[in-house]
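Naming convention: chains lettered A, B, ... in sequence-line order (proteins, then strands); numbering from 1 in each chain. Values below: every heavy atom of this structure, side chains too, minus hydrogens, waters and symmetry copies.
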2 protein chains.
Amino acid sequence: MSSGEAGPDFRPLYAQVQDLLIERLASGHWRAGDLLPAEPRLAEEFGVSQGTVRKALDRLADRNLVVRRQGKGTYVASYTPERALFHFFHLVGDDGGRELPASRLVSRRCGRAGRAEQQRLGLASGDQVVRIVRVRSLHACPVLSERIAVPRDLFPGLDTLPEAGLPNTLYALYETAYGISVMHAEERLKAVSADAEDAAHLGVAEGAPLLEVDRVALSHEQRAVEWRVSRCDTRRHHYLSLLD
Amino acid sequence: MSSGEAGPDFRPLYAQVQDLLIERLASGHWRAGDLLPAEPRLAEEFGVSQGTVRKALDRLADRNLVVRRQGKGTYVASYTPERALFHFFHLVGDDGGRELPASRLVSRRCGRAGRAEQQRLGLASGDQVVRIVRVRSLHACPVLSERIAVPRDLFPGLDTLPEAGLPNTLYALYETAYGISVMHAEERLKAVSADAEDAAHLGVAEGAPLLEVDRVALSHEQRAVEWRVSRCDTRRHHYLSLLD
DNA sequence: CAGTGGTCTAGACCACTTA
DNA sequence: AAGTGGTCTAGACCACTGA
């Protein structure tokens, strides 16, 4: 661990420690929910002071990669309903009510990735994907029509898993069954007209305006692990975006 | 400044310092762009160590309330085109191109706040608002139809300001002319059908799907200072939302 | 009780800016 | 050269947790 040089590629010690920790998180050396070594151990291992390790861990906590608990220790962040609801699900009732929607599976097949899937998921032509279509409801009212595509390589057996094994929050399954944690996502929103299938799924008229959310989910730092296009009936709900 | 008590309403010293600093920022004691006293001065004034002041300032910097410049000092954050573009303007070309749109003023009037305006801006019945309607273009193509309402009390003279004095980025005007800094915003997105006015402004068919962005802008911490509803043609653009 | 993270302090050295 | 924020260290004490 070096801190003295003033070269153009200088990184502070705490940033180097942070990088090493992220590497271990991404490589699966530690898995979701695991307890990390205590600060003094990490400090000793990396040959830096506890304060430097602390700063690195604090920054990881700010980015939701780890969770700190006083008196207990520092844990690898894991997928929680709370996080699902407030961080990854932005559709909110116009009355302000937040709720995770129930899911009904419509279809699940695998096939060769199309051009859009290759582009969004960073796949090569010929790579296989698993496609899932489902309809999600809030208060028993269908509001979301979702088309999901994931690389088959990353999720072996996902296409043959019994339907009962598909949870409402897929990201929890990705994490527990495949060790893949969704940490970030990029959403692109557009207004579109409902096609015949949307209309059937959501009980709206063909041509009705729908909010289309095109999301690419990313694992620790970069790898695209899921592409999801959701079409939302926003007559009684809205997408909430906070600019801080 | 007290740190010893372990009562239920205990706040760390750095948080108390942070609160005091925010108070001064919000009260106009320091204005946008001002240079804050150096860390040792603040430490002396508040009777805490420099490290504690540093932590408070670092957290304010994380929240974009101040800007730190090595060798120069700590400045009150001010509105910049960069911040406008990346923080407050989320409409992006489908090709990834980002650009601040040009504005064309359609109308500007003042009047008594309606129920929705009272609710969104926290006004009492009878309070006056200034209403602005404008159309905004990217690459000379109209894509945004905006209806803006602000409390007249907060912005005296805004309704009679010469039209040339209305800048493209209104928030810069709010800050420089009225000392009101927009720090946060809450946006609610829906898909709607273009009405006759939208169609005329944007050159789309009546009934075409538009993305409606309903934004309330907030000053230092809480006060609603502007309500803005934008209707966007998203055929060649999308609203970008990053979940980190 | 021992071990954990949370807070606060003090001091050293560095890099950057301005004069 | 002096002043600023940036980094790193060391040590003290606290609050919380679980055996």
### Query
Does any N or O donor sit under 3.5 Å from an N or O acceptor when you compare the side chain of Arg54(A) with the base of dG6(C)?
yes
[X] [atom1] - [N] [atom2] separation (whole Å):
X	N	atom1	atom2	value
Leu36(A)	dG3(C)	CG	C1'	16 Å
Arg11(A)	dC8(D)	CZ	C1'	16 Å
Leu57(A)	dC8(D)	CG	C1'	16 Å
Lys55(A)	dG5(C)	NZ	P	18 Å
Asp58(B)	dT7(C)	CG	P	14 Å
Glu39(B)	dT7(D)	CD	P	11 Å
Arg69(A)	dG6(C)	CZ	P	11 Å
Arg68(A)	dG3(C)	CZ	P	19 Å

### Message
For Glu45(B), I'd like to know if atom CD has over 12 heavy atoms of other residues, nucleotides or ligands within 6.0 Å.
### Response
yes
### Message
Does Arg83(B) have more than 12 heavy atoms from other residues, nucleotides or ligands lying within 6.0 Å of its CZ?
### Response
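Atom CZ in Arg83(B) is packed in, count exceeds 12.
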Would you indicate which nucleotide in [options] comes nearest to any side-chain atom of [X]?
X	options	result
Gln70(B)	dT9(D), dC16(D), dG6(D)	dG6(D)
Arg41(A)	dG3(C), dT9(C), dT7(D)	dG3(C)
Ser49(A)	dG18(D), dC8(D), dT4(D)	dC8(D)
Pro12(B)	dT7(C), dT4(C), dG5(D)	dT7(C)

May I ask you to evaluate whether [X] reaches the phosphate of [N], defined as a side-chain N or O under 4.0 Å from OP1 or OP2?
X	N	result
Lys72(B)	dG3(D)	no
Thr52(A)	dT7(D)	no
Tyr14(A)	dT7(D)	yes

Looking at [X] and [Y], would you say the former's side chain and the latter's main chain have a donor-acceptor pair under 3.5 Å?
X	Y	answer
Thr176(B)	Ala172(B)	yes
Lys55(B)	Tyr14(B)	no
Arg134(A)	Asn168(A)	yes

### Query
If you find the nucleotide of DNA chain D closest to Ala15(A) and the one closest to Pro40(B), which residue's nucleotide is nearer the 5' end?
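The residue mapped nearer the 5' terminus is Pro40(B).
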### Toward the 5' end of DNA chain D, by each residue's nearest nucleotide, Gly71(A) or Gln50(A)
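It is Gln50(A), whose closest nucleotide lies nearer the 5' terminus.
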